[in-house]
There are 2 protein chains.
Amino acid sequence: MDKEIIYDIRQFNRFYTKVLGLFNNQILDTDYSLTEARILFEISERTECIANNLVQELNIDRSYMSRILRKFEREGLIEKKNSPIDSRKNLLFLTGKGEELLEKINSQSDEQVIQLFDGLTNSEINEIRNSMIVIKEKLDKNKL
Amino acid sequence: MDKEIIYDIRQFNRFYTKVLGLFNNQILDTDYSLTEARILFEISERTECIANNLVQELNIDRSYMSRILRKFEREGLIEKKNSPIDSRKNLLFLTGKGEELLEKINSQSDEQVIQLFDGLTNSEINEIRNSMIVIKEKLDKNKL
DNA sequence: TCCTTTAGTTGACTTAGTCCACATTAAATA
DNA sequence: TATTTAATGTGGACTAAGTCAACTAAAGGA
């Protein structure tokens, strides 16, 4: 692989670290961290979600995940239902309160994206979008 | 801005969080964190680098930066030279040892990139690279 | 059956990052 | 020029985030 290509890719990685950092630090005015928001999101997207799925997808330590989920449960954001098929597993569900919170987070996240792209023309926005799709598809297919 | 576009962008953000997460967690077999590696990198890239530049570029708390730099100094990775023009500022320089470490980190980082792209054709790699350049240029111009 | 793997929990701990008050020096302005 | 105001960096005390190891309990084989 060519030195220059690697250089450009690493440059992009540094750049995009900053982009994501802005999103993450710009406090979503809730009391939840980005990781926590992401967990709520995944629980809502998945059917039959269990803790171990999240551990793998989000690269989070099992014990840490366990504590976050327990906190969510105490706060009434999720419910754990013991799986009838495999009693080691707990199926995770958002409660009404959890869904409400997620919706709030989602609309704030949408707003962050809008702000980042504010000022660009529609055709520029579309170029970026298409570029993102290319990157994701090719890398996804390859590894992740 | 169209709902679908926002959706795709946020999907990419989640995806790329994972990509970067893989890089960051995959321990560069040194005793330094990604943030620390990034600081060494920036000191090496910049001429007349001062702590406050890094604080702004990397979004790190001033006191935290101060401590990291002090640690680097103790470990002989950097040197601070008081600015003759503005004595509040310390100019930062890598020592030979610091440069050596950075080189090691750089070659390991290059290797990570190679592994991620391993299996893709040259034309696919180039498509990704060009997509990255598009994203960076457009967003850079716009905001960052 | 016994051994291995998977799922999850708990306690103790380390690392990372934040907040605030402070000292110096420089720059701005009355 | 005297007096604010802003920039740069430091240190103490703290909280949040993440890790490690030991454990229980259930499932899935050979």
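Lettering of chains follows the sequences in order, A, B, ..., and the numbering in each one begins at 1.
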**Q** Using salt bridge (Lys or Arg N to Asp or Glu O under 4.0 Å) as the criterion, list what pairs up with B:R88, not counting sequence neighbours.
**A**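 Checked B:R88 against salt bridge (Lys or Arg N to Asp or Glu O under 4.0 Å); matches are B:D86.
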**Q** Excluding sequence neighbours, so at least two apart, what forms salt bridge (Lys or Arg N to Asp or Glu O under 4.0 Å) with B:E45?
**A**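 Partners of B:E45 under the salt bridge (Lys or Arg N to Asp or Glu O under 4.0 Å) test: none.
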**Q** B:K80 side chain N/O closer than 4.0 Å to the phosphate oxygens (OP1, OP2) of D:dT8?
**A**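 Answer is no, no contact under 4.0 Å.
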**Q** What integer distance in Å separates A:I68:CD1 from C:dT9:P?
**A**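 The distance from CD1 of A:I68 to P of C:dT9 comes to 12 Å, rounded to the nearest Å.
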**Q** Using whole Å, what does the distance between atom C1' of nucleotide D:dT10 and atom CZ of B:R74 come to?
**A**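 So the two atoms are 13 Å apart, to the nearest Å.
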**Q** Quick one: A:D31 CG to D:dA17 P, roughly how many Å, whole number?
**A**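 Checked: the CG to P distance equals 11 Å.
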**Q** Under 3.5 Å, side-chain donor or acceptor atoms of residues 6-15 of chain A against the rest of the protein: list the pairs with distances, not counting sequence neighbours.
**A**
residue : atom : partner : partner atom : Å
A:D8    : OD2  : B:R129  : NE           : 2.7
A:D8    : OD2  : B:R129  : NH2          : 2.8
A:R10   : NH1  : B:N106  : O            : 3.4
A:R10   : NH1  : B:N106  : OD1          : 3.2
A:R10   : NH1  : B:D110  : OD1          : 3.0
A:R10   : NH2  : B:N106  : OD1          : 2.9
A:N13   : OD1  : B:Y16   : OH           : 2.5

**Q** Could A:E137 and A:K141 be called an ion pair, given the rule that one side-chain N must be under 4.0 Å from one carboxylate O?
**A**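 Salt bridge between A:E137 and A:K141, a charged N being under 4.0 Å from a carboxylate O: no.
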**Q** I'd like a table of atom pairs between the protein and nucleotides 19-23 of chain D - only N or O on both sides, under 3.5 Å - with the distance next to each one.
**A**
residue : atom : partner : partner atom : Å
D:dT19  : O4   : A:R67   : NH2          : 3.1
D:dC20  : N4   : A:S63   : OG           : 2.5

**Q** I'd like to know if B:K71 and B:E36 make a salt bridge, using a cut-off of under 4.0 Å between side-chain N and carboxylate O.
**A**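 A salt bridge links B:K71 with B:E36.
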**Q** In residues 94-102 of chain B, what donor-acceptor pairs under 3.5 Å come from side-chain atoms, sequence neighbours left out?
**A**
residue : atom : partner : partner atom : Å
B:T95   : OG1  : B:G76   : O            : 2.6
B:T95   : OG1  : B:L77   : O            : 3.1
B:T95   : OG1  : B:K97   : N            : 3.3
B:T95   : OG1  : B:G98   : N            : 3.1
B:K97   : NZ   : B:E75   : O            : 2.9

**Q** State, to the nearest 10°, the angle formed by the axis through the first five base pairs of the helix from C:dT1-D:dA30 to C:dA30-D:dT1 and the axis through its last five.
**A**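 Computed from the C1' atoms at both ends, the axes differ by 30°.
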**Q** In whole angstroms, how far is the C1' atom of D:dA25 from the NZ atom of A:K89?
**A**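 After rounding, the gap between these two atoms is 14 Å.
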**Q** Listed by chain and number, what are the salt bridge (Lys or Arg N to Asp or Glu O under 4.0 Å) partners of B:E73, not counting sequence neighbours?
**A**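 Once residues adjacent in sequence are excluded, the partners of B:E73 under the salt bridge (Lys or Arg N to Asp or Glu O under 4.0 Å) criterion are B:K80.
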**Q** Within residues 38-51 of chain B, which residues have any heavy atom lying less than 4.0 Å from an atom of DNA chain C?
**A**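 None, since no heavy atom is under 4.0 Å.
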**Q** Rounding to a whole Å, what distance do you find between B:N53:CG and D:dG9:P?
**A**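 Rounded to the whole Å, the gap is 8 Å.
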**Q** Test of understanding: with salt bridge (Lys or Arg N to Asp or Glu O under 4.0 Å), list the residues that count as partners of A:K104, not counting sequence neighbours.
**A**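 If we apply the salt bridge (Lys or Arg N to Asp or Glu O under 4.0 Å) test to A:K104, skipping adjacent residues, there are no hits.
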**Q** How many whole angstroms separate atom CG of B:L34 from atom C1' of C:dG17?
**A**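 To the nearest whole Å, that distance equals 15 Å.
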**Q** Any link between B:I68 and B:I50 through a network of hydrophobic side chains (Ile, Leu, Val, Met, Phe, Trp, Tyr) touching at under 4.5 Å?
**A**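 Different clusters.
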**Q** Check this one for me: any side-chain N or O of A:N52 less than 4.0 Å away from OP1 or OP2 of C:dA7?
**A**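 So the side chain of A:N52 is within the cut-off, an N or O lying under 4.0 Å from OP1 or OP2 of C:dA7.
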**Q** Between the side chains of B:R46 and B:E57, is the shortest nitrogen-to-carboxylate-oxygen separation below 4.0 Å, so that they form an ion pair?
**A**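 So B:E57 pairs with B:R46 through a salt bridge.
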**Q** Specify the separation, in whole Å, of atom CG of B:L91 and atom C1' of D:dG9.
**A**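 Between C1' of D:dG9 and CG of B:L91: 13 Å.
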**Q** For A:I5 and B:I125, work out which heavy atoms get closest and say how close.
**A**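 Nearest pair, atom of A:I5 first, then B:I125: CG2-CG2, 3.8 Å.
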**Q** To the nearest 0.5 Å, what is the distance between CG (B:L54) and CZ (B:F41)?
**A**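 It is 12.0 Å, given to the nearest 0.5 Å.
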**Q** For nucleotides 23-26 of chain C, list the nitrogen or oxygen atoms of the protein found under 3.5 Å from its nitrogen or oxygen atoms, one pair per line.
**A**
residue : atom : partner : partner atom : Å
C:dT25  : O3'  : B:S87   : OG           : 3.0
C:dT25  : O2   : B:R88   : NH1          : 3.3
C:dA26  : OP1  : B:S87   : N            : 3.2
C:dA26  : O4'  : B:R88   : NE           : 3.4

**Q** My understanding is that only residues two or more places apart in sequence, or in another chain, count here; which of them pass side chain to side chain donor-acceptor pair (under 3.5 Å) with A:K136?
**A**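 A:K136 satisfies side chain to side chain donor-acceptor pair (under 3.5 Å) with A:D140 only.
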**Q** How would you list, by chain and number, every residue that makes a side chain to side chain donor-acceptor pair (under 3.5 Å) with A:T121, sequence neighbours excluded?
**A**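 If we apply the side chain to side chain donor-acceptor pair (under 3.5 Å) test to A:T121, skipping adjacent residues, the hits are A:E124.
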